[in-house]
> 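Dropping the structure in here first, questions after.
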Amino acid sequence: MPDTDGPTRHPDTPAARPAPGTPPAPDPGTPPLPGAGLIPAPLSIDAAPGGAVRLGPDTALAAAPGTEDTAHWLRATLGDAYGLPLPPGSADATDTLALALDAALPAEGYRLEADARWGVRITGGGPAGVFWGAQTLRQLLGPHAFRRAPLTPGRPAVLPQLTVEDGPRFGWRGMLLDVARHFLPKDGVLRYLDLLAAHKLNVLHLHLTDDQGWRLEIRRYPKLAGTGSWRARTKLGHRASPLWDERPHGGHYTQDDIREIVAYAARRHITVVPEIDVPGHSQAAIAAYPELGNTDVIDTTSLQVWDTWGVNPNVLAPTDTALRFYEHVLEEVLELFPSRFVHIGGDECPKDQWRASATAQARIAELSLAGEDELQSWFIRHFDRWLADRGRRLIGWDEILEGGLAEGAAVSSWRGYAGGVAAAKSGHDVVMCPEQQVYLDHRQDPSPEEPVPIGYVRTLEDVYRFEPVPPELTAEQAAHVLGTQANAWTEVMDSQQRLDYQVFPRLSAFAEVAWSRLPAPADRDYQDFTRRMAAHYGRLDALGVDYRPPGGPRPWQKRPGVLGRPIDGAPPNV
Ligand code: ACM
């Protein structure tokens, strides 16, 4: 609320202030800023001593053209949390929340100025920058801003007087959600989009198909989301566990659900990258359409949607039938998902059936290929060209490097850094998501109390010290690292609560790695991060996130007696 009129609206940024993209000079003399505790950390915070900035019932919202999505989002979130109407107003008036664009800033960069006299101004390089600035505003207001109704009617929204300059390190800041192993109903996906937005993450990689379920309605092939979307029972725990959940499990997204998810994401400046996994991880599709499998090797009509975990031998046949089928599937995928990148999997495709199949061997001979690895490359290259012809780009797991990388393809480097390094060195784009660092299904503490503990111990601090760009890359090669993503595979995460437990708080640390310009891993100030996390847990509480508390699982978060597979050193291969 302004107490005097001033001659100028939000003075120009002083020349001394670093431009977005420039790491701030450390200022050890600056006292902790009340209300800050931002995650991910911004490039710079410039505190203006004294005043507090209040947004109240009279505060207006002035949205310049191009900022309407953020205006809508602010009215919905702060409107609900504080009962603020935020009526339209003029950017030149006092007591205003003003949203503006300035092409001189990077597209996702922003400047947030909070001034006790004038209100708040968020200036973004593009609409996404304004939206990320609005996320910062919400964090500055405190945990109450994350609730959906006012606890105290009339309570104002208050933030400190300050200027924040900010912008992301990477353009691809993602999370993979495996909705195939355990289906996450649509509301859960929308909720995760909100959680990603709150952390300035901008890619949701949706793993829609696998041996254990097909989750996407395809009009031309209704049995995919029919037969292919449910399994009779489910292995409880690691595949070596003797336990079963005898309840059928299933579910799928209708095409309208997907349109809603994609549009909801777009309003939050998040791209949904669909994954249709081929030629491995395809038993659910083969169970629905047995002609897709290696019918000269096994009786594919006997296959059902898989009820346990691991790498599955029942892969697609390298036939024209399979190629045409998946072209038809992808035609519908392209209609639904505007994402430039389309993920076609390509991981963990055992070649035993191809070795035993006269049809596969005839194809190898016809194409003069060196063997089954090249047959896989041929399969992937087919879709690389097919997608490129339609103005899209293929991305696949790093196995697509074996037998030669398809032209224009990008790689999700999951088996460590090596695939990503090889791809970047040969001029291919890379998303770094090494399982040794950022697989969120892996346990987050060595204690046997961790629910269904699998894989490596990867603590909050380990994730905070993850570095997406390996040092052996030159600057030119490193430019091929589009960014990074954390992957939440759900074999042992059978509910939203279990998912929350594995994902949080580690996704908060990951978001800072993906957004902020952190020093080298050993030099990162983890103590400072944990101090800011103290504020952030309050936000996660208000959002209803069932995170792992720093002291370990709450009683209901444990899964006593369900076998996991804790290992050190070797790949977990759940
Ligand atoms: C993967 O984890 N199989 C990509």
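Since we're looking at a predicted model, the values are computed, not measured. As the structure lists them, so they are numbered: ligands from 1, and atoms in each ligand from 1.
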> Is it true that Arg181 and Asp178 have a side-chain N and a carboxylate O under 4.0 angstrom from each other?
yes
> Per the salt bridge (Lys or Arg N to Asp or Glu O under 4.0 Å) rule, what does the pair list look like for residues 327-340, sequence neighbours excluded?
Arg219-Glu335, Arg324-Glu327
> Suppose we screen for side-chain hydrogen bond (donor to acceptor under 3.5 Å, both in side chains). Which residues come up paired with Asp347, at least two apart in sequence or across chains?
His281
> Please tabulate, line by line, the atom pairs linking an N/O of ligand 1 to a protein N/O at a distance below 3.5 Å, with the distance in Å to 0.1, or answer 'none'.
from     : atom 1 : to     : atom 2 : distance (Å)
ligand 1 : 2 (O)  : Tyr439 : OH     : 2.7
ligand 1 : 3 (N)  : Asp347 : OD2    : 2.8
ligand 1 : 3 (N)  : Glu348 : OE1    : 3.1

> Check the side chains of Ser357 and Asp296 for a donor-acceptor pair under 3.5 angstrom, ignoring hydrogens and angles.
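Note: Asp296 and Ser357 side chains meet the donor-acceptor criterion.
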> Quick one: list whatever passes side-chain hydrogen bond (donor to acceptor under 3.5 Å, both in side chains) with Asp299, sequence neighbours left out.
Thr301
> Side chains of Asp546 and Gln497: do they bring a donor and an acceptor to under 3.5 Å?
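Yes, Gln497 and Asp546 have a side-chain donor paired with an acceptor closer than 3.5 Å.
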